[in-house]
Amino acid sequence: MSDRRSRTVSIGGIPGGPSLVEDERGVSDVVGYILVFSLITITIGTVFAVGISGVEDRREAERIDNVERAFEVFDDNLRDIQRYGDPNRATEVRLAGGTLSVTGETRFTLANTSDPGEVDNRTVAAWTSRPLAYRDGGTTIAYDAGALVRGDGDGSVMLSEPRFVAADDRTAIPIVALVRGSGGDSVAGEGTVQITTVEDATTNSETERFEGDGETLYLWVETEHPDAWGRYFEETDGFGNATPAGTEGVAVAELGHSETVYVRETVRIIELRR
């Protein structure tokens, strides 16, 4: 009578050796462990990489925001100078790797034309100011003759607008004209810089009056941020954006109340001190 009991085939035909069934179960356990371990490793690596990137981005944004807040304090100080005539003010800015400079020039021209080819011959008066600007990569934060502007890439927006007013057939244009004092025109790197604005003893803040004499007057602003100034003119009562097509680096405002125009220039010497 034949033996019908089941038998287990062992490796190498050695009785009592490990069976193929037991060996396959062991391989499955090892493969499963490797897959789970790989999944955990990939997940941890991805979270770590994304997390570090997010932290760095947040740190960079916070650094720029700190500079922006310092410029807001500077803007408030200059507004107090305009309002109360304070002779001196000081503001501190932490560079954090950027560059702070008093370079370039912003020019305001009052003319009775919006034609670029005629503006030089039909200028009524003109004023200039040096912008104070912080630059880091593609970001710029600048105080531009009474306006606080931020630029990112090719575009810019006004964070704080100038105090231009137009109503009752008259327009008031206050301009804060910054003049570079002694010392360098820029500082870069790390550390804190003190920005001082001091009254210029050689000039007086004065208000000039201009009559339109029946003609429309235009305010030309030659600046590094013409798009921000152009939008400001579009959105402000009494001003209209009349910037000629194809012009660069300039914004032109049509004064809706040009019968009488008052321009008050406040001059302050600006210095950067470590």
Show the numbers, then the answer: is there a side chain to side chain donor-acceptor pair (under 3.5 Å) between N241 and T243?
-> CA-CA 6 Å; N241 188 357; T243 305; 2.6 Å; yes

Could you check F164 against T236 for side chain to side chain contact (heavy atoms under 4.5 Å, CB included), going step by step and ending with a plain yes or no?
-> CA-CA 9 Å; F164 294 178; T236 304; 5.6 Å; no

For the pair E72 and S160, evaluate side chain to side chain contact (heavy atoms under 4.5 Å, CB included) and give the outcome as yes or no after the intermediate values.
-> CA-CA 8 Å; E72 289 173 351; S160 179; over 6 Å; no

How far apart are the C-alpha atoms of I270 and R130, what are their side-chain angles, what is the distance that settles it, and do they pass the side chain to side chain contact (heavy atoms under 4.5 Å, CB included) test?
-> CA-CA 9 Å; I270 186 169; R130 295 221 180 246; 5.8 Å; no

Taking it one step at a time, do H225 and T140 satisfy side chain to side chain contact (heavy atoms under 4.5 Å, CB included)?
-> CA-CA 10 Å; H225 311 282; T140 299; 4.2 Å; yes

Hey, mind stepping through T103 and D185 against side chain to side chain donor-acceptor pair (under 3.5 Å) and telling me if it holds?
-> CA-CA 6 Å; T103 58; D185 59 6; over 6 Å; no

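A donor-acceptor distance shorter than 3.5 angstrom exists from the side chain of R122 to the backbone of N112, with no hydrogens or angles considered. With T99 contributing its side chain and A188 its backbone, the two residues share no donor-acceptor pair below 3.5 Å. Judged by distance alone, the side chain of D227 and the main-chain N or O of S156 form a donor-acceptor pair under 3.5 Å. Side-chain N or O atoms of W220 include one that pairs as donor or acceptor with a backbone N or O of T113 at under 3.5 Å. Distance alone, capped at 3.5 Å, places no donor-acceptor pair between the T266 side chain and the V176 backbone.
Atoms CD and CD, from E208 and E206 in turn, are 5.0 Å apart once rounded to the nearest 0.5 Å. Considering OG1 of T260 and CG of L255, their distance stands at 11.5 Å, rounded to 0.5 Å. Here the CD1 atom belonging to I175 is positioned 10.5 Å from the OG1 atom belonging to T106, to the nearest 0.5 angstrom. Rounded to the nearest 0.5 angstrom, L178 CG and D144 CG are separated by 9.5 Å. For the atom pair N88 CG and T197 OG1, the distance stands at 7.0 Å (nearest 0.5 Å).
When all heavy atoms are compared, the tightest approach of G181 to I269 is CA-CG2, 3.5 Å. Across all non-hydrogen atoms, the minimal contact from A96 to E190 is CA-OE1, 3.4 Å. The shortest non-hydrogen separation linking N77 to A90 is ND2-O, 3.6 Å. Shortest non-hydrogen contact noted between V102 and R180 is O-NH1, 3.4 Å. Across S114 and P244, no two heavy atoms sit closer than the pair O-CG, 3.3 Å. Between D169 and H257, the shortest heavy-atom distance links the atoms N-ND1, 3.1 Å.
Using a 4.0 Å cut-off between a side-chain N of Lys or Arg and a carboxylate O of Asp or Glu, E62 and R69 qualify as a salt bridge. Between E211 and R209 there is a salt bridge, since at least one side-chain N of the basic residue sits less than 4.0 Å from a carboxylate O of the acidic one. Ion pairing of D75 with R79 is present here, as a side-chain N (NZ or NE/NH1/NH2) and a carboxylate O approach within less than 4.0 Å. R63 has a carboxylate O that lies under 4.0 Å from a charged side-chain N of D136, or vice versa, which qualifies the two as a salt bridge.
Under the 4.5 Å side-chain criterion, counting only non-hydrogen atoms from C-beta, V67 is not in contact with L100. Residues V267 and W127 fail the side-chain proximity criterion, which asks for heavy atoms closer than 4.5 Å. Within the 4.5 Å cutoff, the side chain of S182 has heavy atoms near those of the E271 side chain.
Cluster annotation: Y134 and V193 are assigned to the same hydrophobic cluster (Ile/Leu/Val/Met/Phe/Trp/Tyr, side-chain heavy-atom contacts under 4.5 Å, transitive).
Taking the six-membered ring for Trp, W229 and F239 have ring centres at least 6.0 Å apart.
For R170, the CZ atom sits in a loose shell: 12 or fewer heavy atoms of surrounding residues, nucleotides or ligands are nearer than 6.0 Å. Heavy-atom neighbours of D80 CG from other residues, nucleotides or ligands within 6.0 Å: above the threshold of 12.
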